[in-house]
Amino acid sequence: MNTEWIRTPQRAAKLLQQGKLVAFPTETVFGLGARADDARAIQNLFVAKGRPENNPLIVHLANVDDWSLAARTLTESARVLLREFAPGPLTVVLPKAKAICHSVTAGLDTVGLRIPSCEHARAVLRLSQVPIAAPSANFSGRPSCTTWAAVLEDLEGRIDGVFCENSSQIGLESTVVDCTGDTPVLLRTGAISLEDLQRAIPNARALEPSESSGAGQKSPGLTHPHYQPRAMVKVFEPSITSENQSLHRSLLSAFEALAADQLAICSLAGSGGAELVREISDARLVRVFPDAAEYAKGLYEFLREADRRDAKGILCELPPAVGIGIAVRDRLQRAAQR
Ligand code: TXA
Ligand code: MG
């Protein structure tokens with residue numbers, strides 16, 4: 001299959017309407033779109049991504065007012081959160097409307113719904129005139145894509161087109177909130193933090209560890225491998241470096257067989273990690289992010305760049321657990337999980 005380089009939202013929407021697979025930018029990461037009412041298109045999407053079929057997809061709409069195209073009811077908590085945070089990096093889980101294919105929701109009776117704020121995405125969605133299911137546009141298990149070049153790296157020849165605009169201002173996937181019950185439950189962290197949610201709905205809560213695994217799990221996608229580059233990732237806390245000079249050695253011992261020039265390392269400016277970066281000055285790839293927001297924005301490209309340069313090990317400093325730093329930590333810890 002030839003993957004078309006698409007330059008206009010009109011062309012992207014036309015292909016989507018025909019049941020084709022088209023990647024498009026959003027303010028979070030690139031999405032791989034397909035009609036949410038077309039079982040064959042959705043089947044092709046799972047195959048193109050190599051995605052496990054029990055991991056449900058998010059349905060994207062151009063406007064909040066169109067919610068009934070994807071959801072059966074708009075719960076009070078969803079209404080409040082959408083009023084506060086949509087369009088934007090928020091996904092609300094609601095009872096599913098009939099028109100959405102079962103394969104989109106992996107057989108669940110609920111659907112994730114998102115209204116992106118990115119103008120390119122909204123134009124594509126508006127012109128498509130149908131709900132569009134769009135998981136992140138990476139090969140399953142790999143880091144998400146924040147550039148169209150990265151999308152091609154993973155999916156060239158496997159999808160029909162990619163809309164060639166970059167606009168991932170946030171860089172991490174949306175915050176996912178289950179709004180089907182009495183209290184909203186945070187399923188995936190993102191730029192909108194639990195504290196932000198609680199400012200709008202004080203009893204919003206995080207997922208308990210017992211709810212994220214086993215038969216009753218609320219979000220099946222949480223258990224699959226995610227965000228992993230080819231090279232092994234190790235994460236470290238900033239505090240340890242400033243307290244403990246031997247951290248350098250203990251961290252590097254995890255990559256014992258590797259020379260410094262086979263490593264990639266990233267950290268936050270002004271932290272203990274930045275010191276470590278100075279020590280490993282001959283690393284193959286070094287990135288010091290000025291703040292947590294820039295870390296979020298640049299993380300996936302950093303991981304992918306490490307692969308492009310054939311680094312053998314990747315060291316990443318965990319940012320402090322506040323604001324978007326919480327979501328960066330979550331993605332890093334999953335990237336390091338194997
Ligand atoms: O920012 C984003 O959300 C991006 C852009 C493209 O919009 N999309 C994205 O999709 O990250 P994906 O497929 O990579 O992640 C979807 C997440 C998974 O963790 C999945 O389990 C969860 O949303 N999800 C989707 N539908 C759900 C549902 N009905 N119930 C619970 N979790 C759901
Ligand atoms: Mg994903």
Side-chain angles (χ1 to χ4, degrees), residues 22-34 36 42 45-46 48-61 70-72 78 85-97 100-118 120-122 124-125 131-146 151 154-155 163 167-181 184-192 207 211-213 216-228 296 300 327 330-331 334-335:
V22 175
F24 59 88
T26 83
E27 72 279 17
T28 59
V29 299
F30 271 75
L32 177 58
I42 299 302
L45 189 156
F46 275 94
K49 256 194 76 109
R51 185 179 176 102
E53 289 187 3
N54 66 350
N55 191 1
L57 310 176
I58 294 171
V59 173
H60 294 65
L61 297 172
R72 201 159 65 234
F85 301 111
L90 174 76
T91 295
V92 290
V93 174
L94 286 168
K96 167 188 158 322
I100 305 298
C101 293
H102 281 288
S103 48
V104 167
T105 61
L108 297 174
D109 190 37
T110 57
V111 63
L113 185 65
R114 177 159 121 77
I115 297 95
S117 59
C118 163
H120 300 298
R122 298 190 79 186
V124 171
L125 294 168
I132 299 294
S136 52
N138 50 282
F139 195 79
S140 189
R142 301 252 311 141
S144 301
C145 296
T146 50
V151 174
D154 277 20
L155 299 174
F163 188 2
S167 57
S168 296
Q169 291 306 312
I170 294 171
L172 297 183
E173 305 79 358
S174 63
T175 302
V176 180
V177 185
D178 181 357
C179 291
T180 57
V185 182
L186 174 63
L187 301 181
R188 181 175 72 184
T189 59
I192 298 167
L207 196 65
E211 294 172 300
S212 61
S213 61
Q217 69 180 100
K218 284 192 178 289
S219 196
L222 294 175
T223 53
H224 299 296
H226 263 108
Y227 321 117
Q228 297 178 348
Y300 292 139
D330 167 66
R331 305 311 193 269
R334 288 174 199 275

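Note that these values count all heavy atoms, side chains included, but never hydrogens, waters or copies made by symmetry. Every number for a ligand or one of its atoms is a count from 1 in the order of the listing.
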With the side chain counted from C-beta on, respond yes when [X] and [Y] share a heavy-atom pair under 4.5 Å apart, and no when they do not.
{"X": "P116", "Y": "L125", "result": "yes"}
{"X": "P131", "Y": "L61", "result": "yes"}
{"X": "N138", "Y": "P143", "result": "no"}
{"X": "T105", "Y": "T110", "result": "no"}
{"X": "V104", "Y": "K96", "result": "no"}
{"X": "S174", "Y": "R188", "result": "yes"}
{"X": "R72", "Y": "V111", "result": "no"}

- Listed partners of R142 passing salt bridge (Lys or Arg N to Asp or Glu O under 4.0 Å), at least two apart: D154, D307

I'd like to check whether [X] has a polar contact with ligand 1, where a contact means an N/O of the residue lying under 3.5 Å from an N/O of the ligand.
{"X": "S174", "value": "yes"}
{"X": "T26", "value": "no"}
{"X": "K49", "value": "no"}

- Query: Between S144 and R331, do the side chains contain an N or O donor and an N or O acceptor separated by less than 3.5 Å?
  - Reply: no

- Task: Provide the protein N, O or S atoms situated under 2.8 Å from the Mg ion (ligand 2); waters are not included.
- Result: S136 OG

Numbered atoms and elements of ligand 1 in range of [X], under 4.0 angstrom, heavy atoms:
{"X": "P135", "result": "10 (O), 12 (P), 13 (O)"}
{"X": "V111", "result": "29 (N)"}
{"X": "G112", "result": "26 (N), 29 (N)"}
{"X": "N55", "result": "18 (C), 20 (C), 21 (O)"}
{"X": "R114", "result": "1 (O), 2 (C), 3 (O), 5 (C), 7 (O)"}
{"X": "A134", "result": "6 (C), 8 (N), 10 (O)"}
{"X": "T110", "result": "28 (C), 29 (N), 30 (N)"}
{"X": "G31", "result": "6 (C)"}

- Query: What class does the angle between the rings of F24 and H60 fall in, given that below 30° is parallel, 30 to 60° is tilted and above 60° is perpendicular?
  - Reply: perpendicular

Is there a donor-acceptor pair closer than 3.5 Å between any side-chain N or O of [X] and the backbone N or O of [Y]?
{"X": "R51", "Y": "P56", "value": "yes"}
{"X": "K49", "Y": "L155", "value": "no"}
{"X": "T175", "Y": "G190", "value": "yes"}

- Query: With backbone taken as N, CA, C and O and side chain as the heavy atoms from C-beta onward, which portion of R51 lies under 4.0 Å from ligand 1: side chain, backbone, both, or neither?
  - Reply: side chain

- Item | L187 heavy atom under 4.0 Å from ligand 1 | yes

- Query: Below 4.0 Å from any atom of ligand 1, is there a heavy atom belonging to H60?
  - Reply: yes

